[in-house]
Protein chains: 2
Amino acid sequence: MEQPRPEAVLWPISEVAEHSRVSSRTLRHYDALGLLAPAHLGPNGYRWYGAPELRRLQRILLLRRLGLGLDVIGEVLQGQRDELEALRVHRGWLLAEQRRLETLAATVARTIHHLEQGETMNAQDLFEGFDNHSYEEEAIARWGRDTVRAAAARHAALDSSQRQAMAAEAAAINAELARCAAAGLKADDDAVQAAVERHWNWVSFSWTPEATSYVGLGQLYVEDDRFRAFYEKDGVDPEYLLAGMTVYAERRLN
Amino acid sequence: MEQPRPEAVLWPISEVAEHSRVSSRTLRHYDALGLLAPAHLGPNGYRWYGAPELRRLQRILLLRRLGLGLDVIGEVLQGQRDELEALRVHRGWLLAEQRRLETLAATVARTIHHLEQGETMNAQDLFEGFDNHSYEEEAIARWGRDTVRAAAARHAALDSSQRQAMAAEAAAINAELARCAAAGLKADDDAVQAAVERHWNWVSFSWTPEATSYVGLGQLYVEDDRFRAFYEKDGVDPEYLLAGMTVYAERRLN
DNA sequence: CTTGCGGTTGACGTAGCGTCAACAAGTACC
DNA sequence: GGTACTTGTTGACGCTACGTCAACCGCAAG
């Protein structure tokens with residue numbers, strides 16, 4: 001019932017751009033994407049837009065404000081994708097991303113805190129009640145203040161799920177070592193060395209030691225009561241672990 | 001005091017990649033960026049990494065997990081930028097971005113809600129107590145259900161600051177029209193047409209009408225008591241606005 | 001005739017790699 | 001000695017949504 005009006009009002013690209021508060025580059029981009037073609041092309045190649053194009057542009061900009069991708073917008077406008085469904089999916093993505101940034105910001109804050117207060121940092125957030133605030137003096141004496149602070153900072157950068165993963169990996173490594181010891185395997189046995197490699201990878205999450213430092217860590221395990229307790233509660237003799245670490249350091253860390 | 005050990009343990013790219021859980025492509029990328037160069041290059045061009053490179057990589061990955069850009073990481077590692085400062089700035093950015101996504105998700109939710117419940121939507125969130133829930137029947141009768149729903153959805157997609165801006169713009173337009181009327185200007189006067197153009201832009205935020213629809217909107221302003229009240233409280237005679245809109249529609253919307 | 005305006009079409013750059021090519025060197029096997 | 005396989009190498013394109021030149025063109029005013 002509409003009258004055909006081929007000669008309806010047309011606007012050049014600059015007026016459309018100004019009216020809709022986008023750049024003319026954007027309009028050309030949408031044309032190139034097939035998202036919004038002009039109503040007519042002048043003989044000089046000029047783009048002319050009519051009222052229907054303006055309305056289509058409004059829909060595009062509405063969805064763009066909501067953060068949808070131009071590809072999705074195109075599919076919605078062509079009816080290939082349900083608008084409500086697309087919006088619901090998008091909302092889920094927004095919420096997930098927002099939570100990710102939130103936890104990330106918290107992790108960054110914790111890292112800042114640990115870097116700032118290197119002196120007085122307590123490590124209550126170390127796994128399984130393992131108290132390294134007092135261990136810290138030992139560690140600093142062995143490896144130097146900077147190394148210990150850097151390791152603590154790396155550790156602080158882990159989020160809670162990663163901490164759980166680290167604790168689980170520690171438990172698994174200890175179980176493996178306990179099995180090796182029970183089987184009477186020597187420190188240079190492949191199975192022991194495999195377990196030690198896991199241990200080295202595990203340590204590397206917060207600190208990548210050199211050969212001597214790695215052996216030094218094993219010695220600390222032997223000498224320090226809290227470390228002894230940590231390993232012995234899982235049935236691992238710290239001396240056994242130290243022997244394995246020494247072999248590993250000689251072979252793999254020079 | 002360190003012993004020089006040029007022939008210390010070196011690992012090929014694949015072992016470094018596996019150990020640090022990154023791809024070899026990533027390591028090559030970091031090399032290309034000057035972020036992490038291998039310790040040695042084999043005669044066949046192979047990259048060989050030593051323990052110091054592994055440690056540097058750990059720092060890179062720590063900062064990357066926190067979301068810092070590789071350029072910033074490079075500056076931090078070179079001491080050109082303070083790590084704490086960079087982290088604080090980054091945290092601020094994360095929080096801002098997180099809040100942005102949060103409000104965006106809320107806006108999307110509101111849009112979904114309005115699209116879903118087109119029938120029963122109330123428009124309490126329209127500016128200045130302007131009640132359009134009852135006006136809606138009028139609007140649907142004039143322009144059809146789909147058009148009204150789409151306009152309401154676009155309106156729902158605005159956030160509160162945009163609503164304030166729209167309310168402010170409406171007040172400004174009304175003041176302008178009141179001044180024109182007081183000056184005795186005719187409907188086709190440039191000043192009146194300029195004000196009407198602002199009005200058209202303002203309407204276009206939620207709906208881009210055609211010529212007849214735009215005039216119809218002006219008629220609704222005249223006929224509907226609530227719209228009359230909205231304009232008359234700002235000293236604008238709806239008939240005057242309708243006359244301006246009619247001229248504008250003829251001239252600009254065909 | 002020059003200048004200026006308003007438009008046009010490329011083409012590059014952006015962040016951080018993934019994902020093919022196409023090619024080389026060393027090793028195992030027949 | 002030839003062949004296949006592995007592990008590496010260096011390009012180069014692709015991805016979002018455009019911003020930002022650059023080079024050019026047609027038309028109107030001075």
Side-chain angles (χ1 to χ4, degrees), chain A residues 10-49 53 57 59-77 86 89-90 93-94 97 100-101 104, chain B residues 10-49 53 57 59-77 86 89-90 93-94 97 100-101 104:
Chain A
L10 294 176
W11 298 276
I13 197 169
S14 62
E15 288 197 25
V16 176
E18 190 182 0
H19 171 257
S20 297
R21 330 251 162 191
V22 297
S23 71
S24 57
R25 175 69 178 90
T26 297
L27 292 174
R28 278 190 283 270
H29 185 52
Y30 290 173
D31 188 10
L33 292 184
L35 199 56
L36 179 70
H40 295 297
L41 280 178
N44 49 8
Y46 281 26
R47 291 173 174 82
W48 295 93
Y49 296 85
E53 284 72 33
L57 179 56
R59 278 201 74 187
I60 293 171
L61 295 181
L62 159 66
L63 295 174
R64 192 186 69 164
R65 268 202 302 277
L66 299 180
L68 268 78
L70 294 185
D71 51 349
V72 176
I73 293 177
E75 293 171 11
V76 168
L77 289 190
V89 169
H90 182 56
W93 187 86
L94 285 173
E97 186 66 7
R100 195 181 70 86
L101 293 184
L104 200 52
Chain B
L10 294 176
W11 299 275
I13 197 168
S14 61
E15 289 198 25
V16 176
E18 189 182 1
H19 171 256
S20 297
R21 330 249 161 191
V22 297
S23 70
S24 57
R25 175 70 178 89
T26 296
L27 293 174
R28 278 190 283 270
H29 186 53
Y30 291 173
D31 187 11
L33 292 184
L35 200 56
L36 179 71
H40 296 297
L41 280 178
N44 49 7
Y46 280 27
R47 291 173 174 82
W48 295 93
Y49 296 85
E53 285 72 34
L57 179 56
R59 279 201 74 188
I60 292 171
L61 295 181
L62 159 67
L63 295 174
R64 194 187 68 164
R65 266 201 303 277
L66 299 181
L68 269 78
L70 294 185
D71 50 349
V72 176
I73 293 177
E75 293 170 11
V76 168
L77 289 190
V89 169
H90 182 56
W93 186 86
L94 285 173
E97 187 67 8
R100 194 181 71 84
L101 293 185
L104 200 52

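Convention: sequence-line order gives letters A, B, ...; per-chain numbering from 1.
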State whether B:Thr26 places a side-chain N or O below 4.0 Å from either non-bridging phosphate oxygen (OP1 or OP2) of C:dG18. yes

Quick one: are A:Leu57 and A:Leu27 in side-chain contact, heavy atoms under 4.5 Å? yes

Could you go through B:His29 and B:Leu70, starting from their C-alpha distance and side-chain angles, then the distance that decides it, and tell me whether this counts as side chain to side chain contact (heavy atoms under 4.5 Å, CB included)? CA-CA 11 Å; B:His29 186 53; B:Leu70 294 185; 4.2 Å; yes

Which part of the nucleic acid does B:Gly69 contact within heavy-atom distance under 4.0 Å: base, sugar-phosphate only, or nothing? sugar-phosphate

Return the value, rounded to whole Å, for the distance between atom CH2 of A:Trp48 and atom C1' of C:dG6. 10 Å

Nearest nucleotide by nearest heavy atom, which residue falls closer to the 5' end of DNA chain C, B:Leu68 or B:Asn44? B:Leu68

Among the candidates C:dT8, D:dC18, D:dG8, find the nucleotide nearest to the side-chain atoms of A:His29. D:dC18

Ignoring backbone atoms, establish whether A:Tyr30 has a side-chain N or O less than 4.0 Å from OP1 or OP2 of D:dC18. yes

Heavy atoms only, 4.0 Å cut-off, all strands: where does A:Ile13 land among base, sugar-phosphate and nothing? sugar-phosphate

B:Trp11 CH2 - D:dG8 P separation (whole Å): 15 Å

Between D:dT7 and B:Tyr46, counting only base atoms on the nucleotide and side-chain atoms on the residue, is there a donor-acceptor pair under 3.5 Å? yes

Please report, rounded to the nearest Å, how far the C1' atom of C:dA15 is from the CH2 atom of B:Trp93. 12 Å

What is the nucleic acid contact for B:Arg47, judged by heavy atoms within less than 4.0 Å: base, sugar-phosphate only, or nothing? sugar-phosphate

Please confirm whether any donor atom in the side chain of B:Arg25 sits under 3.5 Å from an acceptor in the base of C:dT19, or the reverse. yes

Please report, rounded to the nearest Å, how far the C1' atom of C:dA15 is from the CG atom of B:Leu63. 17 Å

Out of C:dG7, C:dC17, C:dT8, which has the shortest distance to the side chain of A:Pro12? C:dG7

If we only count heavy atoms from C-beta on, is the B:Pro38 to B:Trp48 side-chain gap below 4.5 Å? no

Should A:Arg64 and A:Val22 count as side-chain neighbours, where that means a heavy-atom distance under 4.5 Å? yes

Taking only the P atom of each, what is the distance from C:dA11 to D:dC13 in whole angstrom? 12 Å

Picking from D:dG8, D:dA17, D:dT9, the nucleotide nearest the side-chain atoms of B:Ser14 would be D:dG8

So, is A:Arg28 close to the D:dC18 phosphate, meaning a side-chain N or O under 4.0 Å from OP1 or OP2? no

In whole angstroms, how far is the P atom of C:dT8 from the NE2 atom of A:His40? 16 Å

Does B:Glu18, at its CD atom, have more than 12 non-hydrogen atoms belonging to other residues, nucleotides or ligands within less than 6.0 Å? no

Considering only side-chain heavy atoms of A:Ser23, which listed nucleotide, C:dC17, D:dG19, D:dT9, is closest? D:dG19

